[in-house]
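Below is one structure, written out as structure tokens, with a few remarks after it.
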Amino acid sequence: MRQSMTLIPTLREVPADADVKSHQLLLRAGFIRQNASGVYSYLPLAKRVLVKIEAIVREEMDKAGAVELLMPALQQAELWQESGRWYSYGPELMRLKDRHEREFALGATHEEVITSLVRDEVKSYKRLPLTLYQIQTKFRDEKRPRFGLLRGREFIMKDAYSFHSSPESLADVYERIFTAYSNIFARCGLNYRAVIADSGAMGGKDTLEFMVLSDIGEDTIAYSDTSSYAANIEMAPVVAAYEKSDEAPRNLEKVKTENQKTIAEVSSFLQVNEMQCIKSLLFKIDGRPVLVLVRGDHEVNDIKLKNLFEATTVELAEAGETKEILGCEVGSVGPIGVKDVEIIADDAVKSIVNGVCGANEEHYHYVNVNPEKDFEAGRYADVRFIQEGDPSPDGQGNILFAKGIEVGHVFKLGTRYSEAMDAVYLDENGKSQPMIMGCYGIGVSRTLAAVAEQFNDDKGFVWPAAVAPYKVHLIAVNPKDEAQSSLSEELYEALGKNYEILFDDRHERAGVKFADADLIGIPVRVTVGKKAADGIVEVKNRKTGEVLEVQTNSLADTIKSLLGS
RNA sequence: CGGGAUGUAGCUCAGGUUGGUAGAGCACUAGCAUGGGGUGCUAGGGGUCGCAGGUUCAAUUCCUGUCAUCCCGACCA
């Protein structure tokens with residue numbers, strides 16, 4: 001492609017609205033432009049990278065036995081009403097009406113559409129298993145789109161769904177897709193990790209997320225420093241054994257703690273370790289108040305609460321509600337004397353001896369608090385976030401944290417949708433059974449952003465060859481020079497037969513072309529300059545910056561070795 | 001949804017406190033020169049100052065509202 005004929009609007013300055021590297025560079029190098037918050041146009045270069053990623057995805061999915069189709073983005077409300085998600089999905093689902101006032105949604109995901117399709121077309125166990133996938137634009141009205149392509153409201157996703165007549169078959173396909181995903185992210189050059197995850201609103205269990213390690217990641221990964229264990233912090237179970245001090249329990253005592261509210265304030269005021277404090281938070285679980293207790297140095301994990309209570313919503317009660325229910329400000333909440341409100345305590349709380357907690361009375365706390373003796377928790381469970389230094393759940397090593405960008409997710413869905421939508425088949429005995437399902441997603445546009453985030457230097461992008469928009473960037477330093485012009489045209493023609501090549505034929509200064517080339521980040525740069533008349537050109541490796549002068553007759557070999565390594 | 005910030009040319013920003021119909025750099029157009037790391041000179045084009053009200057003889061500037069965008073948090077296949 002001649003650069004004079006395509007659209008690559010590079011920017012010299014960093015756009016004010018972009019904070020993260022991938023977003024800045026995608027804008028500066030002319031890959032994307034924003035239309036609305038979380039909505040972008042993919043310009044020619046970005047489109048080429050998307051095509052590369054999609055090709056890798058298709059190849060690996062096909063290899064795993066999945067078949068591509070394409071479903072509508074515009075979906076009838078009835079389907080979502082059938083699964084129940086019309087009501088449970090919330091405002092994130094973009095809803096609209098047609099001219100007849102019929103309700104529709106823009107597809108945030110496609111379980112409903114695919115389940116209805118397969119339900120109507122597949123009736124026998126003989127047709128199972130079946131794995132279908134598509135690459136399509138998804139719409140989610142995110143509360144807060146951010147980081148450019150990393151969290152948009154309109155984004156490209158590869159979503160796959162599998163249908164089975166047995167859990168074994170599901171396990172088999174799940175494994176195959178897992179392998180496909182590992183191949184896909186490895187081929188994109190990404191530094192990723194598969195981690196144990198929460199199934200969230202999807203339902204189901206056995207779910208893994210593919211995380212690209214990055215400081216700007218929105219998820220925290222808890223991983224073992226010695227084994228391969230890795231989990232989303234939301235899910236990592238705490239297996240710490242809490243030792244109970246053999247100190248003799250003393251008698252409960254109420255003390256004045258004027259204006260001391262936070263755990264830090266109270267513990268320093270009373271001269272006790274934060275570990276001795278009982279942090280008490282009032283939650284509303286499916287609207288019902290529940291008092292949750294954790295040790296002062298721990299944090300409540302609302303995902304664990306949600307799973308424990310099999311609830312749909314878990315939220316911290318607002319200050320006003322807390323006052324209404326417990327009669328005090330949030331800084332003075334405690335479990336002692338609380339009636340009519342369920343109390344759940346983290347396992348760590350049980351081994352606190354002579355601890356401290358709020359007195360449900362402004363400016364007062366209790367000291368010498370002993371669980372069981374001074375209050376009864378309805379139950380004890382693991383309801384806190386794992387922390388760095390905690391033992392790894394697999395028993396090997398200790399936990400460390402890393403940030404990750406979720407680029408893929410595989411689920412064993414089970415029969416949640418097939419039961420709700422009556423997707424059944426007849427088994428060998430002619431008996432009707434709900435199909436067992438799996439679903440598997442890859443954020444394609446997010447993967448583009450993740451690669452962009454991972455592969456750049458201070459000058460611009462450094463695309464891995466597998467997803468680079470072009471393999472070779474040919475530059476004619478001075479197109480007005482006859483020798484340079486004719487040699488570059490000749491090379492453009494010749495190299496174009498074997499490589500995707502971008503030819504900078506613009507009448508720009510050399511400096512502008514070099515700066516743009518560095519910014520765009522194509523792996524190999526071929527510069528036709530002063531020595532053109534002697535048949536000598538310059539080959540530069542974008543990644544290493546290494547420059548070679550080569551005769552045109554050995555150019556092909558040089559490029560080949562550069563792209564091969 | 002809570003907190004914060006910002007909306008002036010395609011981009012990055014000044015101007016505003018002290019109201020008088022708008023500027024710089026980059027980009028763009030034309031010409032000349034230049035031609036290996038964002039070149040120089042000359043001459044140009046481009047803005048309902050986010051939008052709507054209000055105050056005023058007069059509002060980009062002051063007041064109110066509203067919308068948009070970004071950041072933090074909450075939220076989130």
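By convention in this document, chain letters (A, B, ...) are assigned in the order of the sequence lines, proteins followed by strands, and residues within each chain are numbered from 1.
Distance check on atom C1': A9(B) versus C49(B) gives 10 Å, rounded to whole Å. Nucleotides C13(B) and A27(B) have their C1' atoms positioned 14 Å apart, rounded to a whole Å. Comparing G20(B) with C41(B), their C1' atoms are spaced 36 Å from each other, to the whole Å. A distance of about 6 Å separates the C1' atoms of G50(B) and G7(B), rounded to the whole Å. Nucleotides U39(B) and U34(B) place their C1' atoms 7 Å apart, quoted to the nearest Å. Between the C1' atoms of U18(B) and G2(B), the separation comes to 37 Å (whole Å). Look at the C1' atom in both U8(B) and U61(B): the space between them is 11 Å, to the nearest Å. Using C1' as the reference atom, A52(B) and A68(B) are 14 Å apart when rounded to the nearest Å.
I8(A) has its CD1 atom 18 Å from the P atom of A27(B), to the nearest Å. Here U69(B) presents its P atom at 17 Å from CZ of F147(A), a figure rounded to the nearest Å. Look at CG on D302(A): it is 15 Å from P on G73(B), rounded to the nearest Å. Rounding to whole angstrom units, NZ of residue K306(A) and C1' of C76(B) are separated by 9 Å. For the pair K143(A) NZ and C1(B) C1', the computed distance is 7 Å after rounding to whole Å. The interatomic distance linking L149(A) (CG) with C70(B) (P) rounds to 13 Å, in whole Å. C76(B) atom P lies 20 Å from atom CD1 of I405(A), rounded to whole Å.
Note on D19(A) versus R146(A): no salt bridge recorded, every NZ/NE/NH1/NH2 to OD/OE distance being 4.0 Å or above. Ionic pairing of D504(A) and R506(A) is present here: one or more N-O contacts between side-chain nitrogen and carboxylate oxygen are shorter than 4.0 angstrom. Checked for salt-bridge contact, R2(A) and E489(A) meet the test: a charged N lies under 4.0 Å from a carboxylate O. At a threshold of 4.0 Å, the pair E329(A)-K261(A) does not count as salt-bridged, since none of the basic side-chain nitrogens sits closer than that to a carboxylate oxygen.
Nearest nucleotide to the side chain of E111(A), out of G36(B), A27(B), A77(B): A77(B). When the nucleotides G36(B), C76(B), C71(B) are ranked by their closest atom to the side chain of K530(A), G36(B) comes out on top.
Contact annotation: R144(A) side-chain N/O to C75(B) OP1/OP2 distance is not under 4.0 Å. For the pair T527(A) and G36(B), the criterion of a side-chain N or O lying under 4.0 Å from OP1 or OP2 is not met. Residue Q34(A) places at least one side-chain N or O closer than 4.0 Å to OP1 or OP2 of C70(B).
Residue D481(A) is out of contact with every strand shown, counting any heavy-atom pair closer than 4.0 Å. Within 4.0 Å (heavy atoms only), E538(A) reaches at least one base atom of the nucleic acid. Base contact: A515(A) has a heavy atom under 4.0 Å from a base atom. Among the protein residues, P15(A) comes within range of the sugar-phosphate backbone only, with heavy atoms under 4.0 Å from sugar or phosphate atoms but none that close to a base. Across all strands, R28(A) comes closer than 4.0 Å to base atoms (heavy-atom distances).
Checking C41(B) for Watson-Crick or G-U wobble geometry (two distances, each under 3.5 Å) identifies G31(B) as its partner. Both distances falling under 3.5 Å, in either a Watson-Crick or a G-U wobble arrangement, place G73(B) opposite C1(B).
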Exercise. Given F461(A) and F31(A), is the ring-ring contact (aromatic ring centres under 6.0 Å, His included) satisfied, shown in steps?
Worked result: CA-CA 11 Å; F461(A) 287 123; F31(A) 281 63; 5.3 Å; yes
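A distance below 6.0 Å separates the ring centres of F210(A) and F178(A).
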